[in-house]
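One structure is given below, encoded as structure tokens.
Atoms within each ligand, like the ligands themselves, are counted from 1 in listed order. Nothing fancy with the numbering, it's 1 onward along the sequence. As the structure is a prediction and not an experimental result, all values here were calculated from the model.
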Amino acid sequence: MSVNLLDFDAEGLSAWFARQGEKPFRARQVLRWIHQRGEGDFNAMTDIARSLREKLLASAAVSPAPTVSDKLSEDGTRKFLFDVGNRNAVETVFIPEDDRGTLCVSSQAGCALECAFCSTGRQGFNRNLTTAEIIGQLWQANRALGFAPGGERIISNVVLMGMGEPLANFDNLVPALRLMLDDNAYGLSRRRVTVSTSGIVPTMDRLAEACPVALAVSLHAPTDGLRNRLVPINRKYPLAELMAACRRYLVHAPRDFITFEYVMLDGVNDSDADARALLHLVRDVPCKFNLIPFNPFQDSGFRRSPAERVRRFATLLIDAGIVTTIRKTRGDDIDAACGQLAGRVQDKSRRVVRLAASASVTAGSLAGVELHP
Ligand code: SAH
Ligand code: SF4
């Protein structure tokens, strides 16, 4: 079986090259071909000695997960669906904005954490994505999107806000993050790569040590009682511990704030009293808030807060001095709103979505689907 070179960060690739009796600078050359130039064909790597190319052809490959579909929304949002085998697929969404282009990447097929309002959670957990499957999403999207006329990459930011809990797949995540930051690969600054977590406290500390990129924390409730219900991992790592972990993270973080994500659920967590309780909760944590209008899905049991309520909630936070944004819903026509894992969810008893069935072949804007032959 050939080795998939997308599984290696710079260090891993040098070590593999060393095992083949090759020098580290050769590994660096190949790393640049693969990630800077998006080349997957060893024969096209023209400045690599022919003998090495032949060796690579015999023992290695650049194998991203195959693209199942690639859809462009009217607003420019583009959604890729990648086949990760065993009838599982994951989604990657590109969101163009005036001043940046953000790629929203998945870290797992499914998710074990079962947040009450999340369609990925509804599907249960299938498996962790490999490093190659995580970085392969960026590799493929970069190849599809290319460069701006000035020579800059179209993808300027990456957020791990797709399907799955990135910190529950730490060992495969970290090499992928390192490639995103590596000047010989994607060269993104740590401020432009964001990991979103539901709050796995010990792994937040490990991330701070291993690869401190920007951090977003899915808060969604101001009290343990409510958060236990909405984000069940809270029973293990309650709010006081989570806030302390955020403060510790900030010592290493590339930005001087944590982004708190807060999904707005009608009549559940969106009252003035909730906003005030939140202000009290985060009083010692420099932060910004990103309010996400709930993206409904079948039998979710929740409704999206009315726009007026979301604005009022935002105003309370802003008046207290916290920078607060309301996430725009994007790519509705292709079910591709980043971080809003809803859409056409299949219930657990009937977990198969027929790929051929319709143009909207999704189990959620960023949720995975099971492929059907
Ligand atoms: N597992 C990680 C990252 C993926 S989810 C996490 O939970 O942070 C990315 C964001 O989308 C999270 O804030 C998540 O709570 C939110 N989200 C999940 N389901 C949603 C829905 N139906 N509508 C709006 N936001 C949702
Ligand atoms: Fe998993 Fe995040 Fe969905 Fe919770 S919100 S179930 S952690 S993907």
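A tilted orientation is assigned to the rings of Tyr262 and His220, their planes being inclined by 30° to 60°.
Within the 4.5 Å cutoff, side-chain heavy atoms of Thr67 are placed close to those of Phe82.
Ion pairing between a basic and an acidic side chain is recognised when a charged N comes within 4.0 Å of a carboxylate O; Arg127 and Glu133 show such pairing. Note on Glu11 versus Arg178: no salt bridge recorded, every NZ/NE/NH1/NH2 to OD/OE distance being 4.0 Å or above. The pair Arg206-Asp171 meets the salt-bridge criterion, since a charged nitrogen lies less than 4.0 angstrom from a carboxylate oxygen. Between Asp266 and Arg309, none of the side-chain N atoms (NZ, or NE/NH1/NH2) sits under 4.0 Å from a carboxylate O, so this pair counts as no salt bridge. Taking a cutoff of 4.0 Å between a charged side-chain nitrogen and a carboxylate oxygen, Glu114 and Arg122 do not qualify as a salt bridge. A salt bridge does not link Arg312 to Glu308: none of the charged nitrogens lies less than 4.0 Å from a carboxylate oxygen. Salt bridge status for Arg28 with Asp183: absent, with no side-chain N to carboxylate O gap under 4.0 Å.
Residue Val263 holds the heavy atom nearest to atom 24 (C) of ligand 1 of all those in Val263, Asn290, Val159. Taking all heavy atoms of Ser106, Gly199, Ser218 into account, the minimum distance to atom 7 (O) of ligand 1 is reached by Ser218.
No part of Leu113 comes within 4.0 Å of ligand 1, judged by heavy-atom distances. The backbone and the side chain of Glu165 each have at least one atom closer than 4.0 Å to an atom of ligand 1 (non-hydrogen atoms only). Counting heavy atoms under 4.0 Å from ligand 2, residue Met163 does not touch it at all.
Less than 4.0 angstrom separates some heavy atom of Gly121 from each of these atoms of ligand 2: 6 (S). Close contacts of ligand 2 with Ser198, meaning ligand atoms under 4.0 Å from a residue heavy atom, involve 7 (S). Atoms of ligand 1 lying under 4.0 Å from any heavy atom of Glu261, numbered from 1 in the order shown and given with element: 10 (C), 12 (C), 13 (O). Ligand-side atoms of ligand 1 in range of Thr197: 6 (C), 8 (O), range being under 4.0 angstrom from any heavy atom. Interface of Glu114 with ligand 2, defined as ligand atoms under 4.0 Å from a residue heavy atom, comprises 6 (S). Contact atoms of ligand 1 toward Cys118: 18 (C), 19 (N) (distance under 4.0 Å to a heavy atom of the residue). Taking every non-hydrogen atom of Phe117 and a distance limit under 4.0 Å, the qualifying atoms of ligand 1 come out as 15 (O), 17 (N), 18 (C), 19 (N), 20 (C), 21 (C), 22 (N). Each of the atoms 4 (C), 5 (S) of ligand 1 lies under 4.0 Å from some heavy atom of Gly162. Less than 4.0 angstrom separates some heavy atom of Gly164 from each of these atoms of ligand 2: 8 (S). Counting atoms of ligand 1 from 1 in the listed order, those under 4.0 Å from a heavy atom of Gly164 are 1 (N), 2 (C), 3 (C), 4 (C).
Distance check for Cys111 against atom 1 (Fe) of ligand 2: an N/O/S atom falls below 2.8 Å. For residue Cys118, no N/O/S atom approaches atom 4 (Fe) of ligand 2 to within less than 2.8 Å.
For the pair Ile292 and ligand 1, the shortest N or O to N or O distance does not fall below 3.5 Å. Backbone and side-chain nitrogen or oxygen atoms of Asn295 are examined, and one is located within less than 3.5 angstrom of a nitrogen or oxygen of ligand 1. Ligand 1 has no nitrogen or oxygen under 3.5 angstrom from a nitrogen or oxygen of Met161.
Val268 and Leu316 are assigned to two separate hydrophobic clusters, defined by single-linkage of ILVMFWY side chains at heavy-atom distances under 4.5 Å.
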Please test Ser73 against Arg78 for side chain to side chain contact (heavy atoms under 4.5 Å, CB included), starting from the C-alpha separation and ending with a verdict.
-> CA-CA 6 Å; Ser73 158; Arg78 187 159 168 182; over 6 Å; no
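At least one donor-acceptor pair under 3.5 Å links the side chain of Asp83 to the backbone N or O of Gly85.
Across Leu5, Asn184, Thr46, a single residue satisfies side-chain contact (heavy atoms from CB on, under 4.5 Å) together with Trp33, and that is Thr46.
At least one heavy atom of His220 sits closer than 4.0 Å to an atom of ligand 1.
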